[in-house]
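What follows is a set of notes on a single structure, which appears directly below.
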Amino acid sequence: MRNVHDVGGMVGFGPLPRDDDNGSAFDSEWEKATMGLTFAAMANGYVRSIDENRHAKERMRPEAYLESSYWELWLAALEVNLVENGAFSEEEIVGRTQEFLDDPDRPIGTNSLPELNDGLVAMIDNGASFGGDPGVPPRFAAGDAVRVVRTRTRRHTRRPLYAQGCRAVVSRVNPPFALPEVIAHEAEPVFEHTYQIRLDASEVFGPSGDASSAVYLDVFESYLEPEGDPS
Amino acid sequence: MTVVNDRSDPGVTEGRYPAPDAAHLLACTRAIESLMKDRGVIDDDTIDVVAAKYENDIGPFLGAKVVARAWSDPDFFDRLLSDATAACKELGIGGMQGEHLIALADTDDVHHVIVCTLCSCYPWPVLGIPPTWYKSPEYRSRIVSEPRELLRDEFGYDVRADVEIRVVDTSAEMRYFVVPQRPAGTDNLSEDELANLVTRDSIIGVGPVAAT
């Protein structure tokens, strides 16, 4: 959906935040917990896909998204997924949170489930791919002239605004993957061929663009139409 | 096509994010962990086990090994460019968020830099968890429209005007990383010594590799 997370090309944000760049993966216990809890939630089916999780962040109000820190976005998305996928109610989460606020020493409970840990380590080591067979050959080939189709969908899309409507050239044919617009919202995935496309900076930003730079973007097949297509 | 969830509203984040303070965030993670323990779906060590992978086992030193091997072994360099996933696997490198890796080799005429404008996608198996700045709207926005200026202003990295900058937006499932050019004056260095020169920032593409 077209919301404020789609920042590519904007110029008003100011200097990069570099103060906490010390090589550490996490800066606090809650950040560390947020990652582990999200992975555990995925393993339990409480989060149905990474795209569903991304969309939960993208649904936040613009001011909430921009004012939340990075891991805070993860925690917000986890809460949305847990509640809407029926794992826990909002009352349970808010209520239990208040208990820990009122008494930080409240016991957290104990449970032994080593096979979950083994499964998560295996997932981290071996990966988990979202590929699948579209059942049709790729529509486009490297070198094809294409245009990025515009959208106003409220569903999860991986089609940044800066590229919409732009002419591009296919630079690579990549493997097929689950279409974000479907996997984030529906029970069954739909697989599409994906492509890397090259957009000249002058196409994206006009005459003021850097004449010797280009943006490369990975897109799903339905995001493209042949250039010159009278649609 | 069964629709499970077509919502586009903020859901339970409305009015609760950003949180008032870190104490609320900690209480929230404790709450979710304790709810999951009550249900028996998480282990006492799960959080620490997952964190340990990214604190200890996975980081930019892995990407540095890949680059150093590519510089030292032309056949490996070719394999890396034609199938980075398989080539990295030769070194025992790969996994989550790197199931489909692509290595972008810089040349005298082309310099690459990676970004995920929509969120923070990053080649975890070769670089670990991205730094805050990479995930920030500040970087994700400006690198697309002002790449040359951002590299100069933020990283002191002057890319010559006649070198094409390719900003590679990680918008689908492929995960990209840069193979920077080998600096001059390093012919006598071993592979390990070369790896010590290769920084995380050079594999993202925001800085060059220094010869010492």
Side-chain angles (χ1 to χ4, degrees), chain A residues 1 7-10 13 16-18 20-21 25 30 32-34 36-37 39-40 44 54 59-61 64 67-68 70 76 79-80 83-84 88 90 96-97 100-101 108-111 113 116-117 120 124-127 129 154 158 160 174 177 185-187 194 210 212-218, chain B residues 1-6 8 10-13 17-18 25-35 37-38 40-44 46-47 49-51 53-55 95-96 99 117 119 129 131-133 135-141 144-145 147-148 154 164-169 171-174:
Chain A
M1 62 188 280
V7 295
M10 291 170 76
F13 279 103
L16 270 50
R18 310 270 297 274
D20 66 349
D21 194 4
W30 72 263
K32 195 184 295 197
T34 296
L37 291 172
F39 281 29
N44 280 291
R54 290 189 183 117
R59 289 164 48 184
M60 294 171 80
R61 295 279 175 233
E67 289 171 16
S68 296
Y70 175 73
E79 286 201 65
V80 169
V83 169
E84 293 179 10
F88 305 104
E90 185 180 0
R96 188 67 60 96
T97 300
F100 280 96
L101 274 171
I108 213 165
T110 180
N111 189 61
L113 196 63
L116 175 74
N117 299 344
L120 290 179
I124 292 169
D125 288 342
N126 304 323
S129 190
R154 281 181 169 266
R158 295 293 288 185
N174 283 331
F177 295 109
H185 304 280
E186 298 184 20
T194 67
D210 183 338
S212 57
S213 86
V215 183
Y216 284 72
L217 182 67
D218 284 347
Chain B
M1 53 149 261
T2 314
V3 175
V4 172
N5 188 335
D6 245 344
S8 57
V12 298
T13 71
Y17 285 88
L25 296 165
L26 182 60
C28 183
T29 60
R30 292 223 159 107
I32 294 172
E33 188 182 0
S34 93
L35 285 168
K37 285 196 190 184
D38 289 351
V41 297
I42 197 171
D43 181 83
D44 289 342
T46 300
I47 288 171
V49 164
V50 170
K53 292 295 291 181
Y54 292 102
E55 287 176 317
M96 193 161 159
E99 298 88 347
T117 62
C119 54
I129 301 233
T132 298
W133 63 259
K135 305 179 280 198
S136 70
E138 288 85 350
Y139 176 73
R140 286 155 46 198
S141 57
V144 172
S145 48
R148 210 171 299 267
E154 295 280 357
E164 176 179 272
I165 295 183
R166 297 183 176 179
V167 180
V168 182
D169 193 353
S171 45
E173 298 295 322
M174 311 308 289

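The chains referred to below are lettered A, B, ... by the order of the sequence lines, with proteins before strands, and numbering in each begins at 1. From a predicted model like this one, the values you see are computed outputs, not experimental measurements.
No side-chain heavy atom of A:M10 sits less than 4.5 Å from a side-chain heavy atom of B:R140. Contact check for A:L120 versus B:T46: side-chain heavy atoms found under the 4.5 Å cut-off. Contact annotation: the side chain of B:T13 approaches that of A:V80 to within less than 4.5 Å [non-hydrogen atoms, C-beta and beyond]. Looking only at side-chain heavy atoms (C-beta outward), A:S212 and B:R148 come within less than 4.5 Å of each other.
Judged by distance alone, the side chains of A:E67 and B:Y17 never bring a donor and an acceptor atom under 3.5 Å apart. Donor-acceptor pairing under 3.5 Å is recorded for the side chains of A:T110 and B:D44. The closest side-chain donor-acceptor pair between A:T97 and B:R30, if any, does not fall under 3.5 angstrom.
Taking B:P147, B:C28, B:G40, B:G11 one by one and counting their heavy-atom pairs under 4.5 Å with chain A, the maximum is reached by B:C28. Your options are B:S145, B:A51, B:C119, and the one with the most heavy-atom pairs under 4.5 Å with chain A is B:S145. Counting heavy-atom pairs closer than 4.5 Å to chain B, the top-ranked of the candidates A:R158, A:M1, A:R61, A:E90 is A:R158. Of the listed residues (B:D6, B:V168, B:L25), the greatest number of heavy-atom pairs within a distance under 4.5 Å of chain A belongs to B:L25. Heavy-atom pairs under 4.5 Å with chain A were tallied for B:V50, B:L26, B:I32, B:V41; the largest tally goes to B:V41. Across A:P160, A:G36, A:G9, the residue that shares the most heavy-atom pairs under 4.5 angstrom with chain B is A:G9. Between chain A and the options B:D38, B:T117, B:L35, heavy-atom pairs under 4.5 Å are most frequent for B:L35.
Using a 4.5 Å cut-off between heavy atoms, A:I108 touches chain B through backbone and side chain atoms alike. Residue B:V49 touches chain A through its side chain alone, counting heavy-atom pairs closer than 4.5 Å. Residue A:I124 touches chain B through both its backbone and its side chain, counting heavy-atom pairs closer than 4.5 Å. Only the side chain of B:S136 comes within less than 4.5 Å of a heavy atom in chain A; its backbone stays farther off. Interface remark: B:E138 contributes backbone and side-chain atoms alike to the contact with chain A (heavy atom separation under 4.5 Å). For a residue to count as touching a neighbouring chain, one of its non-hydrogen atoms must lie under 4.5 Å from one of that chain's; by this rule B:P137 touches chain A with backbone and side chain alike. Residue contact with chain B, scored on non-hydrogen atoms closer than 4.5 Å, involves the backbone and the side chain of A:R154 alike. Looking at A:D210, only its side chain comes within 4.5 Å of chain B, counting heavy atoms on both sides. For chain B, the nearby parts of A:V215 are the backbone and the side chain; heavy atoms of each come within less than 4.5 Å.
B:T132 contributes atom OG1, which lies 10.5 Å from atom CG of A:L16 (distance to the nearest 0.5 angstrom). Taken to the nearest 0.5 Å, the CD1 atom of B:I129 stands 7.5 Å off from the OH atom of A:Y70. Distance CE/B:M96 to CG/A:D125: 11.0 Å, rounded to 0.5 Å. Distance CG/A:L217 to CG/B:D169: 5.5 Å, rounded to 0.5 Å. Distance CG/B:N5 to CD/A:E186: 11.0 Å, rounded to 0.5 Å. Summarising the geometry, atom CZ belonging to A:F100 is positioned 9.0 Å from atom OG1 belonging to B:T29; distances are rounded to the nearest 0.5 Å.
Nearest heavy-atom pair, A:M60 versus B:P10, reported as atom, atom and distance to 0.1 Å: CA-CB, 4.3 Å. The nearest pair of heavy atoms linking A:D21 to B:P131 is OD1-CB, 3.7 Å.
For B:S34, the side-chain hydrogen bond (donor to acceptor under 3.5 Å, both in side chains) partners are A:R96, not counting sequence neighbours. Residues that satisfy the side-chain hydrogen bond (donor to acceptor under 3.5 Å, both in side chains) test with A:Y216, not counting sequence neighbours, are A:R198, B:R166.
Under a 3.5 Å cut-off, the side chain of B:E33 and the backbone N or O of A:L37 do not form any donor-acceptor pair.
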Could you walk me through whether B:I42 and A:N111 pass the side chain to side chain contact (heavy atoms under 4.5 Å, CB included) test, one step at a time? CA-CA 7 Å; B:I42 197 171; A:N111 189 61; 5.5 Å; no
After noting the C-alpha distance and the side-chain angles of B:E173 and A:S129, does the key distance pass the side chain to side chain contact (heavy atoms under 4.5 Å, CB included) rule? CA-CA 8 Å; B:E173 298 295 322; A:S129 190; over 6 Å; no
